[in-house]
Amino acid sequence: MTTKLILGAGLAALLLPAAASGEPTDREVQAIMKRDFHPHGQATMDRLDQDAVQRVCTDTRNKPPAELAKTLEADQYKTIRFPEGSLLGDWKKGAAIAWSGRGMQWQDDPKKPSGGGCYNCHEIGPERTSFGTIGPSLKQFGKLRGNTPGMQRYVYGKIYNAKAYSLCSEMPRFGYTRSLTEQQMKDLTAYLLDPASPVNK
Amino acid sequence: MRTIMLATVVALAPVAVHAQGSQFEHYQKMVAEGSPAELFAVEGEALWKKPQGPKHASLEKCDLGRGPGVLKGAYARLPRYFKDADRVMDLETRLLYCMETLQGRDRKEALKRPFGNADKPSEMEYLSAYIALQSRGFKLNPGLSHPKEREAYELGKALFHTRTGLWDFSCTTCHGTPGKRIRSSELPVLDDPKTVRPLMATWPAYRVSNSTFKTMQWRINDCFRQMRTPEPDFGSETVNAVNMFLTATARGATYRGPGTKR
Amino acid sequence: MSLDRRRMLRSAGALGALLVAGLLKPLAALAAWNKDAFTAKTVDGALKGLGVAGSEPNGGLTLDAPQIAENGAVVPIEISSSIPGTTSIAVVIEKNPFPLASKFDFMEGALPFVRLNVKMGETSHVRVIATAGGKSYTASKEVKVTIGGCGG
Amino acid sequence: MPGPMKMRATLAAGYTDVRVLMSHPMETGQRKGPDGKPVPMHFIQNVTVKVNGKTVIEGQTSQAVSRNPVFAFRLKGGQKGDKIEISWRDNEGESNSTEAAVA
């Protein structure tokens, strides 16, 4: 995978003394972090390896040059594995996944399924009054946009790898990082698009 | 004297303040006024004076930057460069250094349980409450003149913008844009003095969600946990640099902690 | 059990009955914990336990509480009464499993004012009841309990 | 052994402002401990405020008062040096008290 190749270069970073003034380079920061962190539970050290997306977004403070963004977004899109058939799972299960903020942290049991933490950042269904505002409101998502196969593909793909659509998006790449399973992502897609879901009432 | 004056101000504050500001601010303000933080300072004082370790020594001769045993205003001047250790240290990193040098304690033993819980707060938590309390009324003024202090600041700034971990977060994901919330918690922008000052003026703090006292080393550690990275070492250069960046950004704020947080 | 002890218990029971009936009011009873009121699972039960038959709203009784609490484990509330002769203030959290949270009796030398932190399991009205001159007055406010943080 | 208490009593406009902190778990009986078993109910039931030896406030509390309780009270008038004593007693019969002079 292209992304992995670019990432490899960062791994070889050596600890260079930081300049007496001025911000340290990415490479120096990486080396310091590698020295200062330790693995804990499922949170292993490879999580500190910056890939191309993280590196470019860090370097450009989330404003990548358009051409580069386009190329890397295309790379990211190639990582998405769309399942065959309908992408609409069980919206009820999706609602629970959207609410849970647990999962993938060092104290979490890796055998237990992770949550999506969607409500941390998005307003979604009317049944939850505590929701974040880091991401856009997804209120009535399917009611406003319909649930055509194209729309299902967009939602599933965005959950799988948000960076394929907007390179420096703050949204995690849930499928690409194996944080959510195929079924969980289908359930979330249903929570947003199924006409029976409270989101669309 | 200062603490007593503060208490009076609180008591005289009009009841109807909540007309201004957000609904969340009203909660934050009321919570801050009824803080159990000082209970932890009582235990912290006893720990400060308790002989421990192979050298059977207390921490009373620990130099937090203003001379051995001087606590008044010491917290407000941290993090800073310490010549004896040849590095930048925040309060807890310095306390650890004193445990090792003055008390002769093994680093591993002293760090066995740096973060406590409601049933059993940690030594670091008690001590931080006691020491921070004695900086009330002092302006936050971390060291920024030594090259290593500037280096720590620059590293902290770079770390603040570094996208990392399984979920590609950086500090700015949550703390870079004004007016954002995570669920119902309002998120302060952490590279803007206006929003960092009130925050750094009240850490360390009694944290309602944990029902216990929490420190900056913990606060930063817990952010990395939620960023899905591996765990930063206690007292590491990374954590000290982030703390330095935040404190330097808040420079000039009058310390009024230890406070109370959600 | 000895006969003496049994007899003693019986008379203690009789004394208790007299106390409930309000026929005897020893000073010591003030310091007790009103078990009936505190273990009641309904607002009505709690009020009955407190001996409050009915209460009316009064502007002299003020309750300050946040409209939204980010964490139900600590909800600060402040109550004060300017109703002349206020002798007690009780705090009832309507949707808590045991609604009565506290009751304060104010004697000569104290102002009818209290500030404390309470736990709330869910969004609920917080109701305060003040007693003055044998009458009861009430004020209430809804506190929305929300969930802050990252939920993990 | 009961944890510490801390009290402050200061003269304000026409009254004495009293603030007290109590170290107490205030267990509801609903919470599960690290062993998975529910932690038994353990909470302060009575709080008493005395001024120069005379009781002025009798409080009764339930498990719904937050962990590490904080109370603020107001006393009529008062003068510097008045002795304030606050004590608590919990459902397990444990108790503690603290004293302070009005400043």
Side-chain angles (χ1 to χ4, degrees), chain C residues 27-41 46 49-50 64 69 71-82 86-121 124 126, chain D residues 12-22 24-31 41 43-79 82-84 86-93 95 102:
Chain C
L27 277 175
L30 269 178
W33 191 69
N34 189 335
K35 195 175 175 208
D36 286 348
F38 279 110
T39 56
K41 291 184 176 173
L50 287 174
D64 187 24
N71 194 314
V74 175
V75 180
I77 56 172
E78 184 177 297
I79 310 134
S80 63
S81 170
S82 60
T86 302
T87 51
S88 81
I89 291 175
V91 179
V92 171
I93 299 159
E94 295 189 354
K95 290 209 178 142
N96 270 7
F98 301 98
L100 183 62
S102 60
K103 190 205 178 212
F104 296 89
D105 291 303
F106 302 97
M107 282 138 257
E108 184 50 40
L111 292 172
F113 169 95
V114 65
R115 182 189 183 104
L116 73 161
N117 296 331
V118 294
K119 295 173 200 158
M120 291 180 64
S124 166
V126 174
Chain D
Y15 63 90
T16 302
D17 178 62
V18 180
R19 217 186 122 202
V20 63
L21 310 177
M22 302 167 181
H24 201 282
M26 300 302 284
E27 289 292 352
T28 59
Q30 310 284 311
R31 193 174 71 98
M41 259 192 190
F43 61 97
I44 292 174
Q45 292 187 319
N46 295 97
V47 176
T48 308
V49 183
K50 287 181 182 173
V51 183
N52 299 325
K54 179 178 159 272
T55 300
V56 292
I57 299 172
E58 287 275 11
Q60 297 176 47
T61 50
S62 82
Q63 62 275 27
V65 170
S66 304
R67 189 182 184 108
N68 297 324
V70 180
F71 295 101
F73 300 111
R74 288 179 184 173
L75 308 176
K76 260 182 213 159
Q79 50 190 318
D82 276 353
K83 201 184 81 179
I84 315 284
I86 299 187
S87 58
W88 59 257
R89 188 179 179 80
D90 69 22
N91 66 323
E92 288 179 3
S95 62
V102 175

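The figures that follow rest on heavy atoms only: side chains count, while hydrogens, waters and symmetry mates do not. Every chain is numbered from 1 and lettered A, B, ... according to where its sequence line falls, protein lines coming before strand lines.
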message: What part of C:N96 gets within 4.5 angstrom of chain D, counting heavy atoms only: side chain, backbone, both, or neither?
response: side chain

query: Any side-chain heavy atom of D:R19 sitting closer than 4.5 Å to one from C:R115?
result: no

message: Could you check whether atom NZ of C:K35 has more than 12 heavy atoms from other residues, nucleotides or ligands sitting under 6.0 Å from it?
response: no

query: Using non-hydrogen atoms only, which part of D:Q30 is less than 4.5 Å away from chain C: side chain, backbone, both, or neither?
result: neither

message: Could you measure the distance from the CD1 atom of C:I89 to the CD1 atom of D:I57? Nearest 0.5 Å is fine.
response: 9.5 Å

query: Just by distance, do the side chain of C:K119 and the backbone of D:M26 share a donor-acceptor pair under 3.5 Å?
result: yes

query: What residue in C:G109, C:G121, C:A37, C:P112 has the most heavy-atom pairs under 4.5 Å with chain D?
result: C:G109

message: Tell me which of these, D:Q63, D:K76, D:R67, D:Q45, has more heavy-atom pairs under 4.5 Å with chain C than the rest.
response: D:Q45

- line: Okay, D:V51 and chain C: the region with an atom under 4.5 Å from a heavy atom over there is neither

field: For the student: nearest non-hydrogen atoms of D:Q60 and C:D105, plus distance
entry: NE2-OD2, 4.2 Å

message: What's the separation between atom CE in C:M107 and atom NZ in D:K50, rounded to the nearest 0.5 Å?
response: 11.0 Å

query: To the nearest 0.5 Å, how far apart are OG in D:S62 and NZ in C:K103?
result: 14.0 Å

field: C:F98 versus chain D, the contacting section by heavy-atom distance below 4.5 Å
entry: side chain

message: Please determine whether the number of non-hydrogen atoms from other residues, nucleotides or ligands lying under 6.0 Å from atom NZ of C:K41 exceeds 12.
response: no

message: Counting only non-hydrogen atoms closer than 4.5 Å, does C:A73 touch chain D with its backbone (N, CA, C, O), its side chain (CB onward), both, or neither?
response: backbone

- prompt: Parallel under 30°, tilted from 30 to 60°, perpendicular over 60°: which one fits the rings of D:F71 and C:F104?
  reply: perpendicular

- prompt: Which answer fits D:R89, side chain, backbone, both or neither, if we ask what part of it has an atom under 4.5 Å from a heavy atom of chain C?
  reply: neither

- request: Sort D:T16 into side chain, backbone, both or neither according to what part of it lies under 4.5 angstrom from a heavy atom of chain C.
  value: neither

Stepwise side chain to side chain contact (heavy atoms under 4.5 Å, CB included) check, D:V56 with C:F106: CA-CA 6 Å; D:V56 292; C:F106 302 97; over 6 Å; no

query: What part of C:F38 is in contact with chain D, defined as an atom under 4.5 angstrom from a non-hydrogen atom: side chain, backbone, both or neither?
result: side chain

